[in-house]
Amino acid sequence: MFKKVKGFRDIFGKDTFYWQMVEDRFKSFFSKFGYEEIKIPILERTDLFVRGIGETTDIVEKEMFTFQDRDGTYLSLRPEGTAPVVRSFIENKLYEPPSIRKYYYYGPMFRRERPQKGRFRQFYQVGIEAFGSVSPLLDAEVIYILYSFLNSFGINEYLRMEINSIGCPECRPNYREKLVEYLEKYKSDLCKDCNNRLGRNPLRILDCKVESCKDIVKDAPLILDYLCNDCAGHFEKLKEYLDDFGVEFVVNPKIVRGLDYYVKTAFEMVTDKLGASSAVGAGGRYDGLIKALGGPDIPGIGFAIGVDRLVELIKIKQDVEYRLIDCYVITFDEYVKQAVSLVNLLRNEGFNVTLGYDLGSIKSEMKKANRLGAKTVLIIGEDEVKNGVITLKNMDSGEQLQVTNDELLNRLKKIIN
Ligand code: ATP
Ligand code: MG
């Protein structure tokens, strides 16, 4: 017996109906805003993530699945989508001719984290990236897309949009100094990870989930008090535009993205329903990233939604219909031709239909139909063919009657709706 690898999981049965609800929606949703799909590889060179996410981040320091290829190159399963999309944008010169370019992607991501509620080692993200504008109007629309997409599942009451500005290379170093000065005083009370972060990536401490660190951070200086004029102006405009879009938000000055390439806008759609895994979707502006990865100096902004977490929230709110088989068709060897033509007709009409493959026993086929949760059973036997009818059994009510082909469609539409 083989078991799945720790932190990985199978998704099947009714769960897949929730997943498909999300998967069926984002394509048309993002297209409406002019985003096109980009399919990126699952495997990239490790150094793309080291440069693109940052050496001092948790992801790169300890969460990547990395191995050495035969030629010695280090490769990693992608832990996120932004760096690969940016790599593709640069490599394929998608920035020519210069304009605004907008992409969405979907697929599995891999991080070796401690598995817990809402946290897996293979999880799925759907995300967008927009390149080519520094306007806060773009930031506002990107945030609006995250906000309205998640709310389209009727889970508004569980979600809260939080925004922040994390400044830029002009103003952040000054803030960083003030923050370190403050945190140094509590050095001995910070967790081990945060002691490490203090020298390398102190802003990340604001994001620490350990209670004692959260306490210390409560009174820490806030980046919003240290923004330069450019960043402060951008943030004011963003808030104004968010009002124009009708996005309800709160400012949370503790949100960080923790990396030099990330500037100005940072945001998270958070929930209190999933324990410590609170962010359902998160993103930010990364104006320095494309250049840092060897491309031209083009600004960008994007977000990623954790689909596993989104599905958990939808499950709390609504019971999705498990619609597998509308019609289970039972026949006999002599009437396969008639049965095949009937199932073709029904499938063209949009019904989910399966044939009973083991011909000859109505009783045992009926049992299988029942176990599959089929809504109806259709029987084509000697009598039915002779009289030009079909036997229709409604599996919910138990009602059984003979109908003509024409009647059948009408009746099925009523039963299955
Ligand atoms: P967290 O603070 O929860 O660790 P993060 O900051 O690492 O999240 P991002 O890198 O911003 O997350 O990824 C965007 C989204 O992807 C998150 O908001 C979350 O919904 C989802 N996500 C991240 N890591 C995991 C995971 N291990 N399992 C499931 N979903 C995840
Ligand atoms: Mg994380």
Side-chain angles (χ1 to χ4, degrees), residues 5-9 11 15 19 22 26 49 52-54 56-65 76-86 104-129 142-143 145-147 149-150 153 155 158-164 166 193-194 197 201 203-210 213-214 217 252 254-259 261-262 265-286 289 301-315:
V5 177
K6 184 183 171 200
F8 288 69
R9 61 176 181 154
I11 295 159
D15 277 349
W19 280 79
V22 176
F26 65 71
F49 299 116
I53 303 172
T56 60
T57 55
D58 284 355
I59 295 181
V60 168
E61 275 183 345
K62 53 190 190 204
E63 294 176 359
M64 285 209 289
F65 286 94
S76 296
L77 291 175
R78 62 181 188 197
E80 55 102 53
T82 303
V85 171
V86 169
Y104 69 86
Y105 61 86
Y106 171 66
M109 305 294 163
F110 304 85
R111 298 183 195 176
R112 188 185 267 110
E113 301 193 69
R114 196 168 66 78
Q116 51 185 295
K117 192 177 167 84
R119 202 174 286 286
F120 309 97
R121 291 185 168 181
Q122 174 174 335
F123 60 100
Y124 290 74
Q125 284 185 341
V126 59
I128 69 173
E129 313 291 350
V142 165
I143 291 173
I145 295 173
L146 174 62
Y147 176 86
F149 180 70
L150 293 179
F153 295 96
I155 50 176
Y158 304 153
L159 294 169
R160 189 170 63 249
M161 175 60 80
E162 298 187 344
I163 66 165
N164 191 22
I166 54 168
D193 279 345
C194 282
R197 290 174 183 137
N201 197 345
L203 268 70
R204 272 275 154 195
I205 298 175
L206 298 176
D207 197 28
C208 184
K209 311 227 154 58
V210 175
C213 294
K214 279 191 190 168
V217 157
N252 175 357
K254 302 273 164 60
I255 293 180
V256 290
R257 294 261 92 196
L259 195 72
Y261 317 124
Y262 285 82
T265 311
F267 53 96
E268 287 183 357
M269 194 72 151
V270 298
T271 181
D272 303 322
K273 291 271 174 193
L274 297 176
S277 309
S278 64
V280 182
R285 180 168 269 289
Y286 47 80
L289 181 59
I301 177 170
F303 66 69
I305 292 169
V307 177
D308 306 68
R309 292 184 191 175
L310 174 56
V311 164
E312 278 319 300
L313 284 186
I314 299 173
K315 275 168 119 175

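Hydrogens, waters and symmetry mates are skipped; everything else that's a heavy atom, side chains included, is used. Numbering of ligands and ligand atoms starts at 1, following listing order. Treat the numbers as computed from the prediction; the structure is a model and nothing was measured.
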Below 4.0 Å, non-hydrogen atoms only: which portion of Arg119 touches ligand 1? Side chain, backbone, both or neither. both
Do any N/O atoms on Glu113 end up under 3.5 angstrom from N/O atoms on ligand 1? yes
Per-residue contact class, Asp58 against ligand 1 - non-hydrogen pairs under 4.0 Å: neither
Nearest 0.5 Å please: distance from the OG1 atom of Thr265 over to the CD1 atom of Ile301. 5.0 Å
Taking 4.0 Å as the limit for heavy-atom contacts, which would you say applies to Lys117 with ligand 1: side chain only, backbone only, both, or neither? neither
May I ask you to check if ligand 1 and Lys209 share an N or O to N or O distance below 3.5 Å? yes
Backbone or side-chain N or O of Asp308 under 3.5 Å from ligand 1 N or O: no
Regarding ligand 1, does Ala304 bring an N or O atom to under 3.5 Å of one of the ligand's N or O atoms? no
Selected option - heavy-atom contact closest to atom 13 (O) of ligand 1, from Gln125, Met109, Glu80, Arg112: Gln125
Option of least heavy-atom distance to atom 29 (C) of ligand 1 (set: Gly118, Pro115, Gly306): Gly118
Parallel, tilted or perpendicular, as decided by the 30° and 60° cut-offs, for the rings of Phe267 and Phe303: perpendicular
Indicate yes or no: does Lys62 engage Asp193 in a salt bridge with an N to O separation below 4.0 Å. yes
May I ask you to say whether Asp58 pairs ionically with Arg111, meaning some side-chain N is under 4.0 Å from a carboxylate O? no
Under 4.0 Å from any heavy atom of Ala282, which atoms of ligand 1 are there? 11 (O)
Quick one: pull up CG in Leu313 and CG in Asp308 and give me the separation to the nearest 0.5 Å. 11.5 Å
Closest non-hydrogen atoms of Tyr261 and Gly52, given as atom of the first, atom of the second and distance, are CD1-O, 4.1 Å
A student comparing Phe123, Phe303, Phe110 should find that the heavy atom closest to atom 31 (C) of ligand 1 comes from Phe123
Would you say the side-chain atoms of Arg121 pair up with the backbone N or O of Glu113, donor to acceptor, closer than 3.5 Å? yes
Flag this pair as yes if the NZ/CZ of Arg112 is under 6.0 angstrom from the six-membered ring centre of Phe65 and inside a 45 degree cone about the axis; otherwise no. yes
Using a plain distance cutoff, I'd like to know if Val280 has any nitrogen or oxygen under 3.5 Å from a nitrogen or oxygen of ligand 1. yes
